[in-house]
Novice: 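One structure follows; several queries about it will come next.
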Amino acid sequence: MSLAIITGASSGIGREFAKRIKETGQADRFLLIARRREKLADLAAELGEGTEILAADLATPEGIKAVRTYLEENKPRVRYLINAAGYGVFGDYTQVSEKDTIGMIDLNVKALVLISHMVIPYMERGSNLLEVGSASVFTPLPGFNIYASGKAFVYHYSQALAYEVKEKGIAVTVFCPGWVRTDFFDRAENERSAGPRNKKPMLSVEYVVACAMRAMEKRKLLCTCNWYTKMQHLLSKIAPNPWLIRMWISMCKK
Ligand SMILES: NC(=O)c1ccc[n+]([C@@H]2O[C@H](COP(=O)([O-])OP(=O)(O)OC[C@H]3O[C@@H](n4cnc5c(N)ncnc54)[C@H](OP(=O)(O)O)[C@@H]3O)[C@@H](O)[C@H]2O)c1
């Protein structure tokens, strides 16, 4: 019996991962984690037998403890860990509340690291650990600073972790898509800041997750999906940050 653990499974990218992993037949049990129990229950009904849900706020110590308790009690053999729970809020340091500033770090960085470390001892040889980063990992982004800086952490963390777990036969993939059509923007945009006006190309969740599934199958470390994000990655290697920041700011104004 092999388990797939998916955080952020109640919507968007996490939800799509659960469905695509089910299709592969590589996992016969699922643990779906997010705060909205009813959304998780809907997906569990769709996935069928062997699916469990854990309604937990991963930005809190209680939420993290609930995952730890599950692992200690069930001692599962984990085939996939998909760390997709995350959120962003547009705005500069005066516009994003202290709650969200810390909330983004707690969920996007702290919870992701804690869950990875907690689950790795249960992962079998040949398994996949996918950390959801973002195209924002490549550049410091004024007006999206905490989110992008947290995702840059995930990018570096994942690359180092990949070396640390290689001997165990675990493949780490850091998934860095550009804009994806999900509920992400309901939380990211607010009356104080709507973020960049130009959010093109906006990709479908089906497209980016299919791309990430191929990357996991090939045990690739970095998955960027489309030509636009590949170009951002390349530019970040050759262009100085002040130049990249000016490009981002002009994109925000367009
Ligand atoms: N959409 C994009 O353009 C884009 C691009 C690149 C990367 N990403 C990344 O992709 C990941 C998934 O985002 P998405 O686009 O699929 O957005 P989404 O549809 O809003 O999904 C976010 C998921 O995270 C869960 N979540 C949020 N806060 C949580 C908390 N405190 N505890 C537990 N779970 C929590 C949500 O579930 P509940 O609300 O039920 O808790 C939901 O399942 C995020 O890490 C995001 O940064 C998104």
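Start at 1 and go down the list; that is how both ligands and their atoms are numbered. Note that the numbering runs from 1 along the sequence shown for the chain. Remember, it's a predicted structure, so these values are computed and weren't measured experimentally.
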Novice: In terms of residue, atom name and distance, what is the protein heavy atom nearest to atom 6 (C) of ligand 1?
Specialist: Pro177 O, 3.5 Å

Novice: Taking distance alone, with no angle check, do Leu58 and ligand 1 share an N/O pair under 3.5 Å?
Specialist: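 Looking only at distances, the answer is yes, because the N/O contact criterion of under 3.5 Å is met.
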
Novice: Compute whether any side-chain donor of one residue and acceptor of the other, for Ser116 and Glu131, lie under 3.5 angstrom apart.
Specialist: yes

Novice: Does one hydrophobic cluster hold both Tyr147 and Leu141, with members joined at side-chain heavy-atom distances below 4.5 Å?
Specialist: yes

Novice: Assess the residue pair Leu114 and Lys110 against the criterion (side-chain contact (heavy atoms from CB on, under 4.5 Å)); give the C-alpha distance rounded to whole Å, side-chain angles, the decisive distance to 0.1 Å, and a yes or no.
Specialist: CA-CA 6 Å; Leu114 290 174; Lys110 200 168 144 188; 4.2 Å; yes

Novice: Considering only protein heavy atoms, which is closest to atom 9 (C) of ligand 1, and at what distance to one decimal place?
Specialist: Val132 CG1, 3.5 Å

Novice: Establish, yes or no, whether a centroid distance under 6.0 Å links the rings of Phe138 and Tyr155.
Specialist: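 Ring centroids of Phe138 and Tyr155 are less than 6.0 Å from each other.
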
Novice: Which atoms of ligand 1 sit under 4.0 Å from any heavy atom of Arg187?
Specialist: 27 (C), 28 (N)

Novice: Using modelled atom types only, decide if a donor and an acceptor are shared between the side chain of Ser127 and the backbone of Met123 within a distance under 3.5 Å.
Specialist: no

Novice: Starting from atom 45 (O) of ligand 1, locate the nearest protein heavy atom and write down its residue, its atom name and how far away it is, to 0.1 Å.
Specialist: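 Looking at atom 45 (O) of ligand 1, the protein heavy atom closest to it is Lys151 NZ, 2.9 Å.
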
Novice: Should you measure from each heavy atom of Ala84, which atoms of ligand 1 turn up under 4.0 Å away?
Specialist: 11 (C), 12 (C), 44 (C), 45 (O)

Novice: Just do the ring pair (Phe, Tyr, Trp, His ring centres under 6.0 Å) check on Tyr157 and His117 with the steps written out, would you?
Specialist: CA-CA 12 Å; Tyr157 164 77; His117 292 186; 5.8 Å; yes

Novice: I'd like to know if Glu23 pairs up with Arg20 as an ion pair, taking the criterion as any Lys NZ or Arg NE/NH1/NH2 lying under 4.0 Å from an Asp or Glu carboxylate oxygen.
Specialist: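 Yes, charged N to carboxylate O under 4.0 Å.
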
Novice: Using 30° and 60° as the class boundaries, would you call the ring planes of Phe90 and Phe144 parallel, tilted or perpendicular?
Specialist: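 Correct class here is tilted.
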
Novice: Is Gly88 close enough to touch ligand 1? Criterion: a residue heavy atom under 4.0 Å from a ligand atom.
Specialist: no

Novice: Could you identify the single nearest non-hydrogen protein atom to atom 23 (C) of ligand 1 and state the distance to 0.1 Å?
Specialist: Gly8 CA, 3.7 Å

Novice: Identify, by atom number and element, the atoms of ligand 1 in contact range of Asp57, meaning under 4.0 Å from any of its heavy atoms.
Specialist: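 The atoms of ligand 1 under 4.0 Å from a heavy atom of Asp57 are 30 (C), 31 (N), 32 (N).
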
Novice: Geometry only, no angles: is Phe185 polar-contacting ligand 1 at N/O separations under 3.5 Å?
Specialist: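 N/O-N/O distance below 3.5 Å does not exist for this pair.
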
Novice: Taking it one step at a time, do Val113 and Phe153 satisfy side-chain contact (heavy atoms from CB on, under 4.5 Å)?
Specialist: CA-CA 10 Å; Val113 169; Phe153 173 95; 3.5 Å; yes

Novice: Going by distance only, is there an N or O of Val180 that falls short of 3.5 Å from an N or O of ligand 1?
Specialist: yes

Novice: Examine the side chains of Asn226 and Tyr207 and answer whether a donor and an acceptor come within less than 3.5 Å of each other.
Specialist: no

Novice: Report yes if some heavy atom in the side chain of Phe185 is under 4.5 Å from a heavy atom in the side chain of Met202; otherwise report no.
Specialist: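 Phe185 vs Met202: side chains touch.
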
Novice: So, is Tyr87 polar-close to ligand 1, with some N/O to N/O distance under 3.5 Å?
Specialist: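 No, since none of the N or O atoms of Tyr87 sits under 3.5 Å from an N or O of ligand 1.
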
Novice: Apply side-chain contact (heavy atoms from CB on, under 4.5 Å) to the pair Cys176 and Cys223, showing each step before the final yes or no.
Specialist: CA-CA 6 Å; Cys176 298; Cys223 172; over 6 Å; no

Novice: I'd like to check which ligand 1 atoms, numbered from 1 as shown, lie under 4.0 Å from a non-hydrogen atom of Ile13.
Specialist: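 Numbered from 1, ligand 1 contributes 10 (O), 15 (O), 16 (O), 48 (C).
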
Novice: Using non-hydrogen atoms of the residue, decide whether Cys176 is closer than 4.0 angstrom to ligand 1.
Specialist: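 Distance cut 4.0 Å: Cys176 fails for ligand 1.
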
Novice: Any atoms of ligand 1 less than 4.0 Å from a non-hydrogen atom of Gly86? List them with their elements.
Specialist: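 Ligand 1 atoms under the 4.0 Å threshold to Gly86: 22 (C), 24 (O), 44 (C), 45 (O).
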
Novice: Go through ligand 1 atom by atom and flag the ones less than 4.0 Å from a non-hydrogen atom of Tyr147.
Specialist: 7 (C), 8 (N), 9 (C), 46 (C), 47 (O)

Novice: Please compare Leu112, Asp186, Leu107, Thr60 and report which has the shortest non-hydrogen distance to atom 29 (C) of ligand 1.
Specialist: Leu107

Novice: Against heavy atoms of Gly133, which atoms of ligand 1 measure under 4.0 Å?
Specialist: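 Result: 7 (C).
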
Novice: Tell me whether Ser10 has any N or O atom under 3.5 angstrom from an N or O of ligand 1.
Specialist: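 Such a contact does occur with ligand 1.
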
Novice: Does the pair Ile53 and Leu31 meet the rule for a side-chain contact (heavy atoms from CB on, under 4.5 Å), with working shown?
Specialist: CA-CA 6 Å; Ile53 63 172; Leu31 177 66; over 6 Å; no

Novice: Going by salt bridge (Lys or Arg N to Asp or Glu O under 4.0 Å), name the residues that satisfy it together with Arg79, two or more places apart in sequence or in a different chain.
Specialist: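 For Arg79 there are no salt bridge (Lys or Arg N to Asp or Glu O under 4.0 Å) partners, ignoring immediate neighbours.
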
Novice: Looking at atom 5 (C) of ligand 1, what's its closest protein heavy atom, distance included?
Specialist: Gly178 O, 3.2 Å

Novice: Please report which non-hydrogen protein atom sits nearest to atom 39 (O) of ligand 1, along with the residue it belongs to and the distance in Å to one decimal place.
Specialist: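 Sorting protein heavy atoms by distance from atom 39 (O) of ligand 1 puts Arg35 NH2, 3.0 Å first.
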
Novice: Does only the side chain of Arg181 get under 4.0 Å from ligand 1, or the backbone, or both, or neither? Count heavy atoms.
Specialist: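 For Arg181, no heavy atom sits under 4.0 Å from ligand 1.
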
Novice: Between the side chains of Ser2 and Glu124, is a donor N or O closer than 3.5 angstrom to an acceptor N or O?
Specialist: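 Indeed, the side chains of Ser2 and Glu124 share at least one donor-acceptor pair under 3.5 Å.
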
Novice: Which of the listed options, Asn108, Leu32, Ile6, Thr182, holds the heavy atom that is closest to atom 14 (P) of ligand 1?
Specialist: Thr182

Novice: Among all protein heavy atoms, pick out the one at the shortest distance from atom 20 (O) of ligand 1; state its residue, atom name and that distance to 0.1 Å.
Specialist: Phe184 N, 3.5 Å

Novice: Which ligand 1 atoms are under 4.0 Å away from a heavy-atom of Ala56?
Specialist: 32 (N), 33 (C)

Novice: Tell me, which protein residue and heavy-atom name are nearest atom 19 (O) of ligand 1, and how many Å apart are they?
Specialist: Ser11 OG, 2.8 Å

